[in-house]
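Chain letters run A, B, ... following the sequence lines, proteins first, then strands; residues in each count from 1. Values below: every heavy atom of this structure, side chains too, minus hydrogens, waters and symmetry copies. Remember, predicted model here, so these are calculated numbers, not experimental data.
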Amino acid sequence: MDVAAIPGVPDWLPGHLEDEGIEALYPPQAEAVEAGVTEGANLVASVPTASGKTLVAELAMLSAVAGGESGKALYIVPLRALASEKAEEFEQFERYGVEVGVSTGNYDSDGGWLADKDIIVATSEKVDSLVRNDAAWIEDLSCVVTDEVHLVDDGQRGPTLEVTLAKLRQLNAGLQTVALSATIGNADELADWLDAELVDSNWRPIELQKGVHYGQALHLEDGSQQRLEVRNGESETAAIVRDTLADDGSTLVFVNSRRNAEAAARRLSSTTRDFLDADERETLAEIAAEIRDVSDTETSDDLADAVEGGAAFHHAGLASDHRSLIEDAFRDRLLKVVCATPTLAAGVNTPSRRVVVRDWRRYDGSTGGMAPLSVLEVHQMMGRAGRPGLDPYGEAVLLANSHDELDELFERYVWADPEPVRSKLAAEPALRTHLLATVASGFASSREGLLEFLERTLHATQNADRNELERVTDRMLDYLEVNDFLERDGDQLQATGLGHTVSRLYLDPMSAAEIIDGLRDWERSGGRTESSRTAGETGDEEPAGFTRASELAANDDGDDGPREPPSALGLYHLVARTPDMYELYLRSGDEDEYTQLAFERETEFLGPMPSEYEDDRFEDWLSALKTARLLEDWASEIDESEITDRYGVGPGDIRGKVETTQWLLGAAESLAGELGLNCVPAVREARTRVEHGVRSELVDLAGVRGVGRKRARRLYDAGIRTRADLREADKAVVLGALRGREKTAENVLENAGRENPSMDGVEPAEIDGIDATAGESDDGDGATAADDPEDQSSLGDF
DNA sequence: AAGTACTATATCTAGACAGCATGTC
DNA sequence: CTAGATATAGTACTT
């Protein structure tokens with residue numbers, strides 16, 4: 001189809017597309033247009049990665065935005081990183097007056113309110129949250145596009161997407177719904193659910209050959225074979241990487257664990273190293289240096305070492321700066337190999353000439369062994385092969401080490417159709433969250449109303465039998481009522497004040513209940529007590545250190561009155577055991593170590609400690625303790641490298657934990673405030689400490705922009721203890737504490753509100769323990785966290 | 001004594017969304 | 001119903 005023939009789009013669009021070199025639509029795009037996607041029709045497009053889904057979305061959104069006075073389009077993505085990536089793509093339309101905005105949990109576009117934007121990109125949870133909080137512009141939407149809609153199959157996050165789409169469609173009867181999916185077996189059911197036209201196609205702009213390597217040959221799905229020799233002492237993967245490099249192509253290797261990714265990258269770097277020219281070596285060395293600057297950890301070092309040889313690993317333990325450095329270097333063809341966990345299969349666009357799916361089984365504790373990856377997941381990985389416009393074709397390869405496995409892999413993955421996508425809504429965690437939110441934001445006010453609302457979900461489309469859904473619904477309504485989030489009056493359901501708060505805070509009601517119980521228990525019991533005793537003990541013999549409150553004595557005059565506030569560790573533990581925080585893995589030896597810690601610090605925990613004999617619960621509780629101590633270490637200014645070492649995590653994991661803790665403690669503060677509890681200041685302090693990674697005495701200083709944990713400590717040690725001190729202090733001392741960096745010092749003073757921050761002519765004072773010439777490089781803007789990676793003064797992910 | 005090659009054994013396991021408030025002349 | 005790669009310690013053998 002000629003671009004000039006597309007109906008319903010703005011006048012400028014055909015010219016724009018031609019400028020971009022697009023003269024004709026790809027077949028699936030043309031099908032979408034014929035199905036009316038530019039004329040308001042609902043559409044489900046099930047097409048391979050990189051086959052032009054984005055243009056379909058753009059056509060839909062632009063036609064919707066251009067059409068009406070207040071038309072507005074929403075683009076829903078599964079990951080924050082995709083939100084920014086997509087928004088950047090859409091910004092090409094800003095020159096035609098189409099404003100693009102982003103909204104995710106940690107980032108809102110600057111330059112005005114979302115209501116002023118024409119296209120808004122957001123994660124599904126953010127959209128859900130915006131609906132719960134009555135964002136006014138939601139009713140102005142004329143088009144919603146959902147990317148990667150097959151993720152409704154995900155047990156954890158799928159229900160959110162499903163319910164959110166149902167809500168958007170209920171709010172706005174005329175809403176055009178476009179859903180983009182990977183190729184799946186039952187796209188027709190999704191179309192059925194969304195009352196949509198269906199484009200179901202396997203067409204790709206670049207040929208993709210799937211195959212299996214076995215022995216000395218690559219067996220391709222078209223029946224052909226290529227000789228691909230594995231040399232002595234060389235791994236199969238290395239042989240493929242070498243073969244691809246001989247043709248000047250790069251390889252993406254998917255493996256099943258972080259450790260495997262790191263080991264594979266290290267080994268493969270000796271293969272790739274031989275193929276680098278002098279320029280590449282130099283640029284890679286620069287990138288390696290940037291990587292080391294991101295964080296001073298072993299992970300960072302290992303990554304930099306591999307990168308110097310032209311290989312890299314990629315997984316969620318990396319800091320986000322690490323990840324984008326790797327992604328960019330791979331796109332620029334500097335890196336010849338990236339060994340990745342599934343982060344990269346679902347994440348930002350990083351195509352490659354060849355893809356090797358090295359591991360097709362992954363450990364799964366719930367099945368007690370290695371479970372095969374789903375066909376969809378493997379196909380998603382394979383779909384990364386072939387860079388549009390750069391490669392003549394893509395190849396995706398599985399590895400077999402027996403003839404039987406060769407056959408099995410062809411059956412199981414190469415020739416197989418992806419599993420059908422199934423709604424996971426009828427599960428307790430999903431329903432307790434979404435039932436409460438649905439009632440709280442007024443979509444239903446009775447059990448029948450709820451069930452009627454649930455008719456709009458994919459679950460209802462896929463399941464004729466409503467029994468299961470009703471059964472779980474009833475159980476969860478009881479749960480919500482018992483915990484005082486919902487009130488029932490006859491048939492009527494109403495959210496309590498608390499229920500509204502929980503829904504708006506975006507907490508799992510079970511997390512809220514845990515937090516509320518913990519905080520209340522603490523206040524009721526005077527800071528420690530019976531309930532912090534091991535539940536399995538009868539109480540005749542109190543463990544040592546059990547009666548701290550009596551030692552503190554001052555207010556020990558009864559049941560009420562001010563209490564000793566909970567400790568940071570206690571609060572971190574409280575939020576760490578909530579279902580909204582995912583658990584750290586307990587390694588061998590950890591169990592003993594944390595059991596001991598649990599008894600040493602018994603008085604600090606909020607709520608009862610489960611008995612050691614309740615295996616599962618106790619283990620979860622210990623795992624939360626491990627997380628809590630990690631957070632406490634972070635909030636005690638322990639070095640990042642020490643923490644990654646001690647807990648066996650990567651720098652990215654620390655950031656992730658810190659971020660979740662900030663959110664949950666923020667929520668805890670709101671709940672405590674609403675319930676009139678006394679611990680609000682303690683909660684706030686624990687949150688601020690974890691946010692900046694500082695002890696309490698630095699909280700004020702670390703709140704100054706440009707001052708992170710390291711700089712705050714240096715300033716403090718130089719005698720500057722508060723933001724106010726910063727406004728008054730001797731500039732020489734400030735400059736000395738900041739290791740002689742003038743720009744940094746000026747910026748910090750300015751951010752602290754000092755009248756004249758200029759450092760002209762100021763000589764840094766000598767300060768004990770600070771080497772004025774060491775470390776910190778001055779890159780010009782001085783006050784950002786980036787010039788001193790250890791500062792970690794900002795949490796920005798983008 | 002140090003290096004090498006090999007084997008037995010222990011260890012460990014993917015990912016990642018969400019609140020709020022509020023600034024500055 | 002279902003494990004396998006890697007790190008590490010240990011061992012035998014060579015140089």
A:Asp134 CG to B:dG19 C1', straight-line distance once rounded to whole Å: 15 Å
Sugar-phosphate only, base, or nothing, as touched by A:Arg267 at under 4.0 Å among non-hydrogen atoms: sugar-phosphate
Residues A:Asp147 and A:Tyr75: side-chain donor-acceptor under 3.5 angstrom: yes
Assigned partner base of B:dG15, Watson-Crick or wobble definition, under 3.5 Å: none
A:Arg80 CZ - B:dG15 C1' separation (whole Å): 13 Å
Residues in salt bridge (charged side-chain N to carboxylate O under 4.0 Å, His left out) contact with A:Lys86, at least two apart in sequence or another chain: A:Glu89
Residue met sooner reading DNA chain B from 5', once A:Val255 and A:Arg504 are mapped to nucleotides: A:Val255
Exercise: do A:Ser423 and A:Glu162 side chains pair donor with acceptor under 3.5 Å: yes
Phosphate OP1/OP2 of B:dC12: any A:Ser588 side-chain N/O under 4.0 Å: yes
Centroid distance under 5.5 Å and plane angle under 30°, A:Trp663 vs B:dA18: yes
Main-chain N/O of A:Phe254 paired with A:Asp359 side-chain donor or acceptor, under 3.5 Å: no
Under-4.0 Å side-chain N/O to phosphate OP1/OP2 contact, A:Thr341 with B:dG15: yes
Interatomic distance where CD belongs to A:Gln662 and C1' belongs to B:dA21 [whole Å]: 13 Å
Watson-Crick or G-U wobble mate for B:dG23, both contacts under 3.5 Å: none
Distance, rounded to the nearest Å, where A:Gln156 contributes CD and B:dG15 contributes C1': 9 Å
Candidates B:dA14, B:dG15, B:dA18 - which lies nearest the side chain of A:Thr104: B:dA18
5' priority, DNA chain B, between A:Ser670 and A:Tyr363 [closest heavy atom]: A:Tyr363
Under-4.0 Å salt bridge between A:Arg687 and A:Glu691: yes
Salt bridge (charged side-chain N to carboxylate O under 4.0 Å, His left out) involving A:Arg754 - partner list, sequence neighbours excluded: none
Phosphate contact (B:dC12 OP1 or OP2) by A:Arg258 side-chain N/O below 4.0 Å: no
d(CG, A:Asp590; C1', B:dA10) in whole Å: 15 Å
Donor-acceptor under 3.5 Å (A:Trp360 side chain, A:Leu398 main chain): no
Sugar-phosphate only, base, or nothing, as touched by A:Thr660 at under 4.0 Å among non-hydrogen atoms: base
Base partner of B:dA10, which must satisfy Watson-Crick or wobble distances under 3.5 Å: C:dT6
Contact boundaries on DNA chain C for chain A, cut-off under 4.0 Å to non-hydrogen atoms: C:dT2 to C:dA7
Any A:Asn133 side-chain N or O less than 4.0 Å from OP1/OP2 of B:dC20: yes
Integer-rounded Å distance: B:dA18 P and A:Glu659 CD: 8 Å
A:Asp302 and A:Arg266 ion-paired at < 4.0 Å: no
Distance between P atoms of B:dA18 and C:dC1 (Å, rounded): 38 Å
